[in-house]
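Every heavy atom of this structure was used, including side-chain atoms; hydrogens, water molecules and symmetry mates were not. By convention in this document, chain letters (A, B, ...) are assigned in the order of the sequence lines, proteins followed by strands, and residues within each chain are numbered from 1.
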Amino acid sequence: MSASFLQAASVDEALAALDAGARPIAGGTDLVVGARQGKAPLPAALVAIDRLDDELGSISDNPDGSLTIGSLVNHLRLMSEPLVVERATALADGAALIGSPATRNVGTIGGNVMNASPAMDTGAALAVLGATVHLRSASGPDRILELDELWTGPGTTTARPDELCVGLSLPARPPRSGSAYLRLEYRRAMEIAVVGAAASISLSADNLVETVSIALTAVAPTILAVEGTAALAGRAVDTNLLDQVAALASEQARPIADLRASERYRRHTVGVMARRALEAAAERAQGIKLGVPVNRNKGIGVSL
Amino acid sequence: MNEKLSYQVTVNGVAFDVDADRDANLLSLLRDQVGLTGTKQGCDDCECGACMVLVDGRPVNSCSYLAVQTGGRDVTTIEGLAEDDELHPIQQAMLDHAGVQCGFCTPGMIMSAHALLETTPKPSIEEIRIGLSGNLCRCTGYQSILNAIGSAANAAD
Ligand SMILES: Cc1cc2nc3c(=O)[nH]c(=O)nc-3n(C[C@H](O)[C@H](O)[C@H](O)COP(=O)(O)OP(=O)(O)OC[C@H]3O[C@@H](n4cnc5c(N)ncnc54)[C@H](O)[C@@H]3O)c2cc1C
Ligand code: FES
Ligand code: FES
């Protein structure tokens, strides 16, 4: 049996511990808080990966224009790193909404993705940006998964217990493209998304749609990619188009009702979020600078 | 899982040899083992910020952070800010601007403000609000705290 706590000094050491049955802990903002709330006890054997910054803590700009983000990159860095703000703006929007400065300091992108909450704030952004997840294990070759191959339900993924998420890749962005993520929230910090939506768009020289993608937060067991957006190519980004996107989002949402919102309210407001996210993404695609997070700019939680 | 783990943590510049349960949180380590009770336990659920400390200079909710993850690291608590008898400028500003009523949130507020001013020495009011957004106060209505942090920032050169 492995030691109950191992501070991994290298990824290889962490992988060996996972192979022997340990579970990884990065910041612990999901794992420790969940255990203290009684959701699930802390795993019998833990391997801490939080000091593997050399191997898992960088954001790299690859020659083909793609970005690689190490799994240990925290939300503070995601929301302020120029490469992310410029090329993966929706991801910066999402990271900037997470918890408080302390949560953003301790919480990592790898933890957010592998925790697989349908309310996670980086998920819809990663989905519209076409992110892939890199998994590594001691026993076999690396696996690179699309997000819809990774997430299977609230808190569940297709990653094997011996696999570590080493990072994510975001493909190169087309010219004249923009992205944005918004969430509906009842307070401006320390909040869980009531619903949220991310949009990514690329435009032709005369501002017609080339590609659009939309993904939704907290309206299904996993982050939900909206279908049917390919048919929007060639259209202008006008009220008609925004109405149609809002309708697609509301129709495809499969929300639950709980303490925080009814099924009907979530279904309606996720369309509103999708519309505003697309509006913001299209503005950014045209070079208009909208600050991160774009929530306030689009009328959510504005100061009186 | 009650296995005891041994490691060393530096708290306010002083090295402590720790012997603690694996699942011990940083807050209990500071209050019960190191004996520094300035860091408060409010919600004990990562919501209120009363337990805020700095780990390697960055803010952490100590109630919900495994103590063992601070092994070999530098922890700063509210007790680590004053120099001898002289309060830290943020502490002094909190007194001068009546940012303290019952005082329970105060250590956490000051640690969050400290973390903010390290990275953003001249914050806007909006930046101060965001910097303190993980800290709840039941007494002041926040305005006096915002005034205190703003004036501490303005006073620094
Ligand atoms: C007060 C508070 C507010 C929050 N607000 C938000 C919010 O607004 N939006 C939001 O989306 N989330 C929020 N969260 C959740 C949490 O902070 C994030 O999901 C964070 O990114 C988790 O990262 P971590 O490093 O702390 O994960 P951990 O808790 O360390 O790990 C989470 C899970 O992922 C696994 N894991 C971690 N890293 C890896 C890896 N590299 N490979 C494989 N498995 C791994 C762990 O075993 C565990 O099962 C909040 C949490 C708190 C406590
Ligand atoms: S006691 Fe830690 S956040 Fe409230
Ligand atoms: S002064 Fe009482 S909680 Fe803030």
Side chain to side chain donor-acceptor pair (under 3.5 Å): pairs with one or both residues in residues 105-114 of chain B, sequence neighbours excluded: B/Ser112-B/Asn135
Top of B/Ser64, B/Gly134, B/Gly49 for chain A proximity - count of heavy-atom pairs under 4.5 angstrom: B/Ser64
More than 12 heavy atoms from other groups under 6.0 Å of NZ on B/Lys122: yes
Residues of residues 103-110 of chain A with any heavy atom under 4.5 Å of a heavy atom in chain B: A/Arg104, A/Asn105, A/Val106
Atom pair CG/CG of B/Leu66 and A/Asp50 - distance to nearest 0.5 Å: 9.5 Å
Within 6.0 angstrom of A/Arg160 CZ, more than 12 heavy atoms from elsewhere: yes
Portion of B/Leu132 that has a non-hydrogen atom of chain A nearer than 4.5 angstrom: neither
A/Arg36 side chain to B/Asn25 backbone, donor-acceptor under 3.5 Å: no
Least distance between heavy atoms, B/Tyr65 atom then A/Val32 atom: N-CG1, 4.4 Å
Sequence neighbours excluded - salt bridge (charged side-chain N to carboxylate O under 4.0 Å, His left out) pairs with any residue from residues 47-70 of chain B: A/Arg187-B/Glu47, B/Asp56-B/Arg73
Distance, nearest 0.5 Å, that separates CG of B/Asp23 from CZ of A/Phe5: 10.0 Å
Considering all heavy atoms, the nearest A/Ala189-B/Ser133 contact: CB-CB, 3.5 Å
Side chain / backbone / both / neither for A/Ala96 at chain B, heavy atoms under 4.5 Å: neither
Side-chain heavy atoms of A/Met190 within contact of B/Leu136, under 4.5 Å: no
Donor-acceptor under 3.5 Å (B/Arg22 side chain, A/Ser4 main chain): yes
Most contacts with chain A, counted as non-hydrogen pairs under 4.5 angstrom, among B/Leu116, B/Val55, B/Val68: B/Val68
Heavy-atom closest pair, residues A/Pro101 and B/Gly131: CG-O, 3.7 Å
Heavy-atom pair with the smallest gap, counting every atom of B/Gln69 and A/Arg51: O-NH2, 2.7 Å
Contacts with chain B made by residues 69-92 of chain A (heavy-atom distance under 4.5 Å), listed by residue number: A/Leu76
Test item: A/Thr29 and B/Asn61 side chains (from C-beta on) under 4.5 Å apart, heavy atoms: no
